[in-house]
Amino acid sequence: MRILGIDPGLRTTGFGVLDVEGPALRYVASGVIQTAQAEQGNLPARLKVLFDGIRELQARYQPDVAAVEIVFVNVNPQATLLLGQARGACVTALVAGELPVAEYTALQMKQAVAGHGKAAKAQVQAMVQRLLQLPAAPRPDAADALGLAITHAHAGRAVALLHAAGAGRSTSSMYKRR
């Protein structure tokens with residue numbers, strides 16, 4: 001399975017691509033989409049850069065699923081709204097390409113990658129480097145995107161194991177056990 005991780009941002013959106021075979025994770029690519037070429041005050045143009053960039057990633061890497069960070073609400077409502085619009089452009093591009101989208105919070109990603117939800121950016125970068133056996137730590141936005149892809153790889157395995165454990169049992173027999 002190929003997973004495309006997306007860490008949305010209005011200025012810089014990180015992406016990371018992994019191949020997953022059983023428990024093995026293989027790094028494919030990572031980087032950022034930057035909207036600096038669009039005029040700072042022209043929000044629609046910046047959102048189009050993100051949309052087009054995500055569509056280009058889909059075409060280039062042919063992922064099976066995407067994992068996108070859920071926007072958190074911070075102290076600046078205007079920044080939260082702008083981030084939400086950037087995330088919306090990314091998610092819309094993914095679903096327009098008929099790609100399934102899984103969503104995770106930054107806390108979930110940090111727990112999956114670093115072992116605790118308060119991990120600093122540098123800790124996430126170091127753990128992504130270690131987990132994927134990279135020669136150097138990826139830049140922060142790309143590391144977060146790779147972390148989201150890793151989170152989905154782990155979550156997907158857990159769901160598959162749960163389904164396998166429940167296979168062959170009827171629903172009624174599961175509820176009779178106490």
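Closest approach of Leu50 to Cys90, counting heavy atoms only: CB-SG, 4.5 Å. For the residue pair Tyr104 and Leu148, the shortest heavy atom distance occurs at CB-CD2, 4.0 Å. Between Gly53 and Ile33, the closest heavy-atom pair is C-CD1, 3.7 Å. In terms of heavy atoms, Gly16 sits closest to Leu146 at CA-CD2, 3.5 Å. Counting all heavy atoms, side chain and backbone alike, Gly97 lies closest to Gln58 at CA-NE2, 3.6 Å. Between Val32 and Gly14, the shortest heavy-atom distance links the atoms CG1-CA, 4.2 Å.
Taking 4.5 Å as the limit, some side-chain heavy atom of Pro8 sits within range of a side-chain heavy atom of Val68. Considering only heavy atoms from C-beta on, Tyr61 comes within 4.5 Å of Val28 through its side chain. A heavy-atom distance below 4.5 Å is not found between the side chains of Gln85 and Leu10.
Here the side chain of Arg87 pairs a donor or acceptor atom with the backbone of Glu69 at under 3.5 angstrom. Judged by distance alone, the side chain of Thr105 and the main-chain N or O of Ile70 form no donor-acceptor pair under 3.5 Å.
Rounding to the nearest 0.5 angstrom, the gap separating the NZ atom in Lys110 from the CD atom in Gln108 is 12.5 Å. How far CD of Glu103 is from NE2 of His152: 11.5 Å, rounded to the nearest 0.5 Å. Expressed to the nearest 0.5 Å, how far NE2 of His116 lies from CD of Gln111 amounts to 10.0 Å. Put simply, CG on Asp64 and CG on Asp19 are 8.5 Å apart, with the number rounded to the nearest 0.5 Å. The line from CZ of Arg60 to CZ of Arg55 is 14.0 Å long, rounded to the nearest 0.5 Å. For the atom pair Asp52 CG and Leu47 CG, the distance stands at 11.0 Å (nearest 0.5 Å).
Residues satisfying the side-chain hydrogen bond (donor to acceptor under 3.5 Å, both in side chains) criterion with Thr13, sequence neighbours excluded, are absent altogether.
Under a hydrophobic clustering in which Ile, Leu, Val, Met, Phe, Trp and Tyr are joined whenever their side-chain heavy atoms come within less than 4.5 Å, directly or via other members, Met109 and Leu107 fall into different clusters. One hydrophobic cluster holds both Val20 and Ile150 under the rule that ILVMFWY side chains link at heavy-atom gaps under 4.5 Å. Put simply, Leu57 and Leu18 are part of two different groups of oily side chains (I, L, V, M, F, W, Y) that touch within less than 4.5 Å, one to the next. In the hydrophobic clustering of this structure, Ile54 groups with Val49; members are Ile, Leu, Val, Met, Phe, Trp, Tyr whose side-chain heavy atoms approach within less than 4.5 Å, directly or through other members. Note on Tyr27: it does not cluster hydrophobically with Leu4, by side-chain heavy-atom contacts below 4.5 Å among ILVMFWY residues.
Within 6.0 Å of atom CD in Glu98, 12 or fewer heavy atoms from other residues, nucleotides or ligands are found, so the atom counts as exposed in its surroundings.
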Please output the side-chain donor-acceptor pairs of residues 126-139 that fall under 3.5 Å, not counting sequence neighbours, one pair per line with the distance.
{"unit_1": "Gln129", "atom_1": "OE1", "unit_2": "Ala137", "atom_2": "N", "d": "3.4"}
{"unit_1": "Gln129", "atom_1": "NE2", "unit_2": "Leu134", "atom_2": "O", "d": "3.4"}
{"unit_1": "Gln129", "atom_1": "NE2", "unit_2": "Pro135", "atom_2": "O", "d": "3.4"}

Begin from the C-alpha positions of Lys121 and Asp144 and carry the test side-chain contact (heavy atoms from CB on, under 4.5 Å) through to its verdict. CA-CA 8 Å; Lys121 288 271 188 192; Asp144 286 352; 2.4 Å; yes
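Screening Leu83, Leu81, Leu82 against Val71 for a side-chain contact (heavy atoms from CB on, under 4.5 Å) leaves a single residue, Leu83.
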